[in-house]
Enquirer: 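First, the structure itself, so that you have it in front of you.
Numbering starts at 1 and runs along the sequence shown. Atoms considered below: every heavy atom in the structure, side chains included; atoms not considered: hydrogens, waters and symmetry mates.
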Amino acid sequence: VTLDGQMMYDNTFFVKREDAIKEAIENAEAGVKLTLRYISEKEAELLRFQEMLNKERQNLAYLKLMQKNEENLKDLEKINK
């Protein structure tokens with residue numbers, strides 16, 4: 001409410017209180033919708049990063065296995081000499 005008694009919401013004047021409340025509800029609903037869309041986008045992004053992490057873990061496990069096999073081969077070569 002302004003000093004002269006008029007209803008005001010978001011820099012907009014309203015003759016009736018109900019109109020101000022209706023406008024506020026519409027803005028809040030839009031905020032909820034926007035935030036839900038933002039969350040959905042971030043969840044999809046998180047899934048992509050989790051997939052990337054899983055690939056990197058698989059690559060690391062493969063490389064460590066290769067390293068272990070190389071060490072085993074060297075040990076076998078020493079034994080067979």
Enquirer: What's the spacing between Lys22 NZ and Glu18 CD if we round to 0.5 Å?
Expert: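 Reported to 0.5 Å precision, the distance equals 11.5 Å.
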
Enquirer: Go through Ile39 and Lys42 one step at a time and tell me if the side chain to side chain contact (heavy atoms under 4.5 Å, CB included) criterion holds.
Expert: CA-CA 5 Å; Ile39 289 170; Lys42 293 301 174 185; 5.8 Å; no

Enquirer: Are Asn72 and Lys68 close enough, and set up right, to give a side chain to side chain contact (heavy atoms under 4.5 Å, CB included), and what steps lead you there?
Expert: CA-CA 6 Å; Asn72 290 341; Lys68 188 68 174 167; 4.1 Å; yes

Enquirer: Can you measure from CD1 (Ile25) to CD (Glu23) and round to the nearest 0.5 angstrom?
Expert: 10.5 Å

Enquirer: Taking the side chain as every heavy atom from C-beta outward, state whether Glu71 and Lys74 have any atom pair closer than 4.5 Å.
Expert: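 Side-chain contact under 4.5 Å: no.
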
Enquirer: Do Glu51 and Asn54 come close enough that some side-chain heavy atom pair is under 4.5 Å?
Expert: no

Enquirer: How long is the straight-line distance from CD of Glu45 back to CG of Leu47, given to the nearest 0.5 Å?
Expert: 10.5 Å

Enquirer: CG of Leu46 to CG of Leu53: how many Å apart, nearest 0.5 Å?
Expert: 10.0 Å

Enquirer: Could you tell me if the side chain of Leu63 sits less than 4.5 Å from the side chain of Gln67, heavy atoms only?
Expert: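 They are not in side-chain contact.
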
Enquirer: Taking Ser40 for its side chain and Leu36 for its backbone only, find out whether a donor-acceptor pair lies under 3.5 Å.
Expert: no

